[in-house]
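Below, all heavy atoms of this structure are taken into account, side chains as well, without hydrogens, waters or symmetry copies. To find a chain, count down the sequence lines: A is the first, B the second, and so on, and within it residues start at 1.
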2 protein chains.
Amino acid sequence: MNARPKSAATRTKILEAALELFRERGYEAATMRAIAERAGVSLGNAYYYFGSKEHLIQGFYDRTHIEHVAGVGAKLDGLKDFKSRLLWVMRKKLETIEPYHRFAGLLFRSAADPASPLNPFSSESQPVRREATELFGRVVEGSKGIHKDLRVELPNLLWLYHMGIVLFWIHDKSQGRWRTWQLMERSVDLVAKLVTVASYSALGPPRRAALAMIRKLRETGDENTKPPGRH
Amino acid sequence: MNARPKSAATRTKILEAALELFRERGYEAATMRAIAERAGVSLGNAYYYFGSKEHLIQGFYDRTHIEHVAGVGAKLDGLKDFKSRLLWVMRKKLETIEPYHRFAGLLFRSAADPASPLNPFSSESQPVRREATELFGRVVEGSKGIHKDLRVELPNLLWLYHMGIVLFWIHDKSQGRWRTWQLMERSVDLVAKLVTVASYSALGPPRRAALAMIRKLRETGDENTKPPGRH
DNA sequence: GTCTATAACCGGATAGAC
DNA sequence: GTCTATCCGGTTATAGAC
């Protein structure tokens with residue numbers, strides 16, 4: 001966050017050490033003391049750069065997202081239909097996170113806690129989520145045959161869908177995570193079919209009703225909202 | 001877990017004290033030391049009964065589930081169509097958990113952690129989950145017009161659906177949780193319609209395909225399974 | 001004002017005596 | 001089954017160096 005090169009270098013060193021230790025020992029066993037030691041800084045200094053151990057995880061999110069985008073690369077532009085575009089992005093996602101499976105559960109454990117900065121719905125994680133959603137935006141943009149109204153909300157829905165797959169992956173104990181792969185491929189197929197059906201122009205009213213509900217879903221973050229008054 | 005009355009009494013005292021303090025101060029602020037003190041036992045003794053602070057939460061799950069079932073009561077038997085049955089059960093759910101909203105986030109935070117005993121997919125929480133699923137089983141049993149194949153898997157799907165609503169509720173900061181109520185009512189409607197459509201006998205093949213995928217989903221708990229060999 | 005270090009604090013968890 | 005004493009690791013307070 002600081003522009004000075006020295007500061008940035010120290011920050012990187014600490015994050016680097018943390019990710020290494022998470023990989024080697026898992027999240028719990030990687031103590032802040034050990035992380036600081038490996039980074040060659042004092043414990044207090046590590047806390048100067050990262051407000052808490054959980055904040056180190058934000059670094060993990062950022063990093064895997066960058067790797068994911070790099071993995072997706074330019075090939076996405078060559079794919080023209082929705083299904084193969086989504087499939088490609090999801091494949092790359094699973095490949096990117098695979099090395100972290102051992103401790104991913106612990107990393108994601110705060111996802112359900114509204115008070116945690118890691119919660120994907122929290123303001124602190126907004127930047128990563130927005131970028132991740134944009135990737136799904138690219139999937140939609142380059143696809144044909146999707147109804148205009150659907151295009152607005154679809155990236156958010158696909159982000160949510162991908163979180164569901166990741167959640168399954170976290171719990172997946174099968175060899176090489178083959179169950180997750182299977183589920184992903186089948187569900188991508190299903191999603192693509194749903195999108196096709198939902199795009200039929202004859203389905204205007206139910207589509208609008210469903211989209212209205214989905215829009216509501218996204219508004220949860222807004223605080224203290226009052227119910228609509230009676231007329 | 002112990003049959004002796006003395007043991008059971010101490011156990012209850014500790015759980016009681018814990019739930020009180022959770023309510024008063026929230027999960028984090030209710031220290032094990034304070035819980036032990038209020039229960040009139042030593043810290044070590046509290047740990048004799050509950051392996052960890054998280055294990056106390058299991059007690060919370062159990063308790064709210066019992067309250068939920070009591071709230072649903074006999075009235076469920078009087079309702080005949082699927083939609084009103086599901087609506088009734090979901091309403092009672094939201095009413096039951098409402099008093100715990102303040103600290104519910106912290107209670108549910110471990111839900112995403114495969115290593116946690118609180119994870120609803122873990123073996124330790126199996127009994128509660130099974131009982132909760134059975135409640136949705138009752139919803140399905142008493143309803144007409146649902147295809148036979150669907151009846152097997154539907155209780156599990158409804159349990160999952162209800163977990164989604166609870167997740168939304170956790171993050172809901174609107175007054176009186178009206179957003180959750182609105183979402184619940186609209187989505188119950190949607191679910192009911194989906195079940196109706198999915199029950200059309202003309203839809204045999206796609207229904208079977210979807211159910212096959214869903215069955216796969218449930219098998220994640222099984223450890224170290226190998227991918228199906230090639231033929 | 002930016003960075004780094006040392007020394008405590010606090011609370012979850014465990015060991016071992018009774 | 002119950003206690004006391006202790007450990008361990010996340011976090012904070014604070015002092016001082018650049």
task: Report the distance from atom CG of Leu43(A) to atom C1' of dT4(C), rounded to the nearest whole Å.
output: 12 Å
Protein-nucleotide distance (Ile14(A), atom CD1; dT4(C), atom C1'), rounded to Å: 10 Å
task: Find the distance Lys53(B):NZ to dA13(C):C1' and express it as a whole number of Å.
output: 12 Å
message: Side-chain N or O of Thr10(A) versus OP1/OP2 of dT4(C): is the shortest distance under 4.0 Å?
response: yes
- request: Would you tell me if any nitrogen or oxygen in the side chain of Tyr48(B) comes within less than 4.0 Å of OP1 or OP2 on dT2(D)?
  value: no
Lys13(B) NZ to dG1(D) P, straight-line distance once rounded to whole Å: 13 Å
- line: Out of dC3(C), dG9(D), dG12(C), minimum distance to the side chain of Thr31(A) belongs to dG9(D)
- line: In whole angstroms, the gap separating P of dA13(C) from OH of Tyr49(B) amounts to 19 Å
message: Just so I know, are the side chains of Met184(B) and Arg91(B) near enough to count as touching, which here means a heavy-atom distance under 4.5 Å?
response: yes
query: OP1 or OP2 of dT6(C) less than 4.0 angstrom from a side-chain nitrogen or oxygen of Ser42(A), does that happen here?
result: no
query: How many Å lie between OH on Tyr47(A) and C1' on dA7(C), as a whole number?
result: 15 Å
query: Short question: side chain of His101(B), backbone of Trp169(B) - any donor-acceptor pair under 3.5 Å?
result: yes
task: Using heavy atoms to find the nearest nucleotide of DNA chain D for Gly44(A) and Arg33(A) separately, return the residue whose nucleotide is more 5′.
output: Arg33(A)
- prompt: Do any side-chain nitrogens or oxygens of Asn45(B) fall under 4.0 Å of OP1 or OP2 in dG1(D)?
  reply: no
field: Any side-chain heavy-atom pair of Arg23(A) and Pro99(A) under 4.5 Å
entry: yes
- request: Round to a whole Å and report the spacing from CD of Glu37(B) to P of dT2(D).
  value: 17 Å
- request: Using a 4.5 Å cut-off on heavy atoms from C-beta on, say whether the side chain of Leu94(B) contacts that of Arg177(B).
  value: no
field: For atom CE of Met32(B) and atom P of dG10(D), their distance in whole Å
entry: 19 Å
message: On the nucleotide dG12(C), are OP1 or OP2 found under 4.0 Å from the side-chain N or O atoms that Ser52(B) carries?
response: no
Of the listed nucleotides dA5(C), dA7(C), dG1(D), the one nearest the side chain of Ser7(B): dG1(D)
query: Is the charged tip of Lys53(A) near the ring of Tyr27(A): under 6.0 Å from the six-membered ring centre and within 45° of its axis?
result: yes
